[in-house]
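In the text below, chain A, chain B and the rest are named by the order of the sequence lines, each starting its count at 1. Only heavy atoms go into these numbers, but all of them, side chains included; no hydrogens, no water, no symmetry mates.
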2 protein chains.
Amino acid sequence: MTGTGWQPVRKTRTFEDVLAQVERRIAEDGLMAGDRLPAERQLAEQLGVSRSSVREAMRVLETLGVVSSQVGRGPDAGAVLVSKPDAALTDLLRLHLGLASLEPREVIDTRLMIERWAAARAALTRPDVSVLAEAIAGMDRAASPEEFVEHDTAFHCALAEASGNRLIAAFMRSLRDSLRRYAVEAVVRLGDTSGLQTDHRRILRAVLEGDPDEATEAVTAHLARAYPDLCGE
Amino acid sequence: MTGTGWQPVRKTRTFEDVLAQVERRIAEDGLMAGDRLPAERQLAEQLGVSRSSVREAMRVLETLGVVSSQVGRGPDAGAVLVSKPDAALTDLLRLHLGLASLEPREVIDTRLMIERWAAARAALTRPDVSVLAEAIAGMDRAASPEEFVEHDTAFHCALAEASGNRLIAAFMRSLRDSLRRYAVEAVVRLGDTSGLQTDHRRILRAVLEGDPDEATEAVTAHLARAYPDLCGE
DNA sequence: CTGATGCTATGGTCTGACCATACTGTGGTC
DNA sequence: GACCACAGTATGGTCAGACCATAGCATCAG
């Protein structure tokens, strides 16, 4: 289950074996999101392992956003395959930020990279921009920095969604979740949000007009305003 | 432990409580990579839960690349805090690709985005390029597409490392791991690798000369050659 | 036909046991 | 005193079996 390269010759643990078997079954049977996995007790018997080991494997799959477990009985109960990488990415970023093994700077830089790319892509695909417009209106109405950031996050995540790339959109959502604290600080530091709103409208206009270069430029200007100390790129 | 937003009012499971406690302890005590967590039995007693629940929490943390468990006794035994997000990202991508909830196109596009950014950054930071040069030499010596891709991966990952952003470098490694199969196919399809090598040398030169625009351009040209069907960006 | 009620399969949790591992300390030997 | 063999022990890994809460399902009474 772990990545391809691993130096130590460590013996494969039972739950790792379960993971491999489940992954193999997913690939061979062509299982998709929405399909059900066998019940824990059943899977344990099939693989000749204890239920504990199956449970640990399930926990891993759940952490990776691949399965969702529901108690009870019926079609929706049991371990169902899903596709929710967001929580996994968010947890990953938050924990590694907490461990100080990632600098905020690195996370913010990553966000800059994603956002510029997504804006250009969104301008090319001419998406539905109603969510973007609504988010801008929400920011206009916002009565507190927290509320402003809430709608700001919605705006930027919608922009990433509009790029049409689900991986990048998921990454963007996770980055925003991890950076919410810093975003609020930035808004408080700025005080006046009218400049940010001007930027947002410029980004929206560029997307509407299908001008990727202008969209990239607008996003760059926006982020330079929001994080002036990090603009040196 | 799960991300901030979660609609269902689902009762907090015990292992999630353990995760929260451990995370709190990491934050409050300022624990860093290399520090040890209490033993499973000890932690279970401290938190008033069973060892099973502690183990499930450990499995999650291990999946996220935050802890590493070692059996035996001594200073290196037990659950040690680490910082290895690579395997987590790789597993995440591979599983979601297997579930067909992510298209190869989306992953490859993400790679393009990262690579262009990293090349420009590397050109600005003037890193040690010996690894890059060695990777190019390795590709010259390669006797099979698999071997070529091996060194090609090393080259592109080294480029990402050279950007100085560990998050992006980790993401790049995971992307390459997930895409190894497609990379080999691309090399086989091309047949002749001399063009790719010309590109690699151009990228290396641009980084050496500290020219970020040329580096971006070189990477773009390289990827357009490697994935001609995806060049429409 | 409808509603109430017991049944049952599911995940969630706990307990207690045993194993393999790898360090630690002890004691004997040279 | 230095060194080595060996028992002790704390660690994670695994298993078996039990009990609980949940939630759909089947049955039966009206």
Rounding to an integer number of Å, can you tell me how far F15(B) CZ sits from dG11(C) P?
14 Å

Between H200(B) and H156(B), how do the two ring planes meet: parallel, tilted or perpendicular, split at 30° and 60°?
perpendicular

Regarding S53(A), tell me which of base, sugar-phosphate or nothing describes its non-hydrogen contacts under 4.0 Å with the strands shown.
sugar-phosphate

Could you check how far CG of D76(A) sits from P of dG11(C), rounded to whole Å?
13 Å

Should the heavy atoms of other residues, nucleotides or ligands under 6.0 Å from CD of E45(B) be counted, would the total exceed 12?
no

Step-by-step side-chain contact (heavy atoms from CB on, under 4.5 Å) determination, R173(B) to E161(B)
CA-CA 9 Å; R173(B) 286 191 294 270; E161(B) 306 273 1; 2.2 Å; yes

So what does A77(A) touch, heavy atoms closer than 4.0 Å: a base, only the sugar-phosphate, or nothing?
nothing

Separation of R13(B) atom CZ from dT22(D) atom P, in whole Å?
15 Å

A quick test of your reading: do over 12 heavy atoms of other residues, nucleotides or ligands sit less than 6.0 Å from CD of E146(B)?
yes

Does a nitrogen or oxygen in the side chain of R55(B) sit under 4.0 Å from OP1 or OP2 of dG13(D)?
yes

Across the strands shown, which category fits G74(B) at heavy-atom distances under 4.0 angstrom: base, sugar-phosphate, nothing?
sugar-phosphate

Would you kindly give the CZ-to-C1' distance between R73(B) and dA20(C), to the nearest whole Å?
15 Å

Rounded distance in Å - CZ (R59(A)) to P (dT13(C)):
7 Å

Please determine, for the side chain of R41(B), which listed nucleotide (dG13(D), dG11(C), dC25(D)) has the closest atom?
dG13(D)

Consider the side chain of A39(B), meaning its heavy atoms from C-beta on, and name the nucleotide among dG12(D), dT24(C), dC15(D) that approaches it most closely.
dG12(D)

